[in-house]
Amino acid sequence: MSDPNDGERELSFSEHSSANSTDNAKLTLLAEDLSVGKEAVETGRVRVSKQTHTREVAVEESLLRESAEIETIPIGRQIFEMPSVRHEGETIVVPIVEEILHTERRLILKEEVRITRRKTTEQFHDRVTLRYQEAVVTRVQSASEAVDNASTNESK
């Protein structure tokens, strides 16, 4: 005889059955159906919160400072054409001209203004407070866990 789970069945007929009943004999087959469903089950809860913290850090940075030195140099000599602004290295020379009325017109270079740019570097030191956040996750008892715990306590 074969295993009942392999789908084979053995039938026996008696010797007394008529030819009619043998021809009309029916074999009843059984079949199982499977129905699958899903439902959401809460297995737990978590609470997520943020916490803000502070920390101090040292700041060290080079700062560039620029200043101008202005120097006026008296010249007082006659010139024959208008001079232009010129550069002498880091210095800008701006001529100042005065027109004097005489029986004739003469240009007198009265003075020059010299502007020299100086650059200095100084170290900057300070302490600043920076903020940062981190997440805190806390497990919270769910409604289904509360029911499970209650039934466990009752059965004890």
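Keep in mind that this is a model prediction, so the values were computed, not measured.
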Taking everything shown except [X] itself, do over 12 heavy atoms lie less than 6.0 Å from its [atom1]?
| X | atom1 | value |
| --- | --- | --- |
| Glu56 | CD | yes |
| Arg86 | CZ | yes |
| Glu134 | CD | yes |

Do [X] and [Y] belong to the same hydrophobic cluster, where Ile, Leu, Val, Met, Phe, Trp and Tyr are linked whenever their side-chain heavy atoms lie under 4.5 Å apart, directly or via other members?
| X | Y | answer |
| --- | --- | --- |
| Met82 | Ile79 | yes |
| Val93 | Ile96 | no |
| Val59 | Leu64 | no |
| Val97 | Val94 | no |

Q: With sequence neighbours excluded, tell me which residues meet side chain to side chain donor-acceptor pair (under 3.5 Å) with Glu69.
A: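 Checked Glu69 against side chain to side chain donor-acceptor pair (under 3.5 Å); matches are Arg118.
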To the nearest 0.5 Å, what is the distance between [atom1] ([X]) and [atom2] ([Y])?
| X | Y | atom1 | atom2 | result |
| --- | --- | --- | --- | --- |
| Arg139 | Arg45 | CZ | CZ | 11.5 Å |
| Gln78 | Leu107 | CD | CG | 7.5 Å |
| Ser67 | Lys119 | OG | NZ | 11.0 Å |
| Arg106 | Glu99 | CZ | CD | 13.0 Å |
| Lys110 | Ile75 | NZ | CD1 | 12.5 Å |
| Thr120 | Glu66 | OG1 | CD | 9.0 Å |

Closest approach of [X] to [Y] (non-hydrogen atoms, all atoms of both residues):
| X | Y | answer |
| --- | --- | --- |
| Ser62 | Gln123 | OG-NE2, 3.1 Å |
| Arg131 | Thr52 | CB-CG2, 4.1 Å |
| Arg127 | Ala58 | NH1-CB, 3.7 Å |

(Q) Just so I know, are the side chains of Leu109 and Pro95 near enough to count as touching, which here means a heavy-atom distance under 4.5 Å? (A)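 Of all side-chain heavy-atom pairs linking Pro95 with Leu109, at least one is under 4.5 Å.
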Q.
What I want to find out is whether Arg114 reaches Glu88 closely enough, with some N-O distance under 4.0 Å, to be called a salt bridge.
A.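 Yes, charged N to carboxylate O under 4.0 Å.
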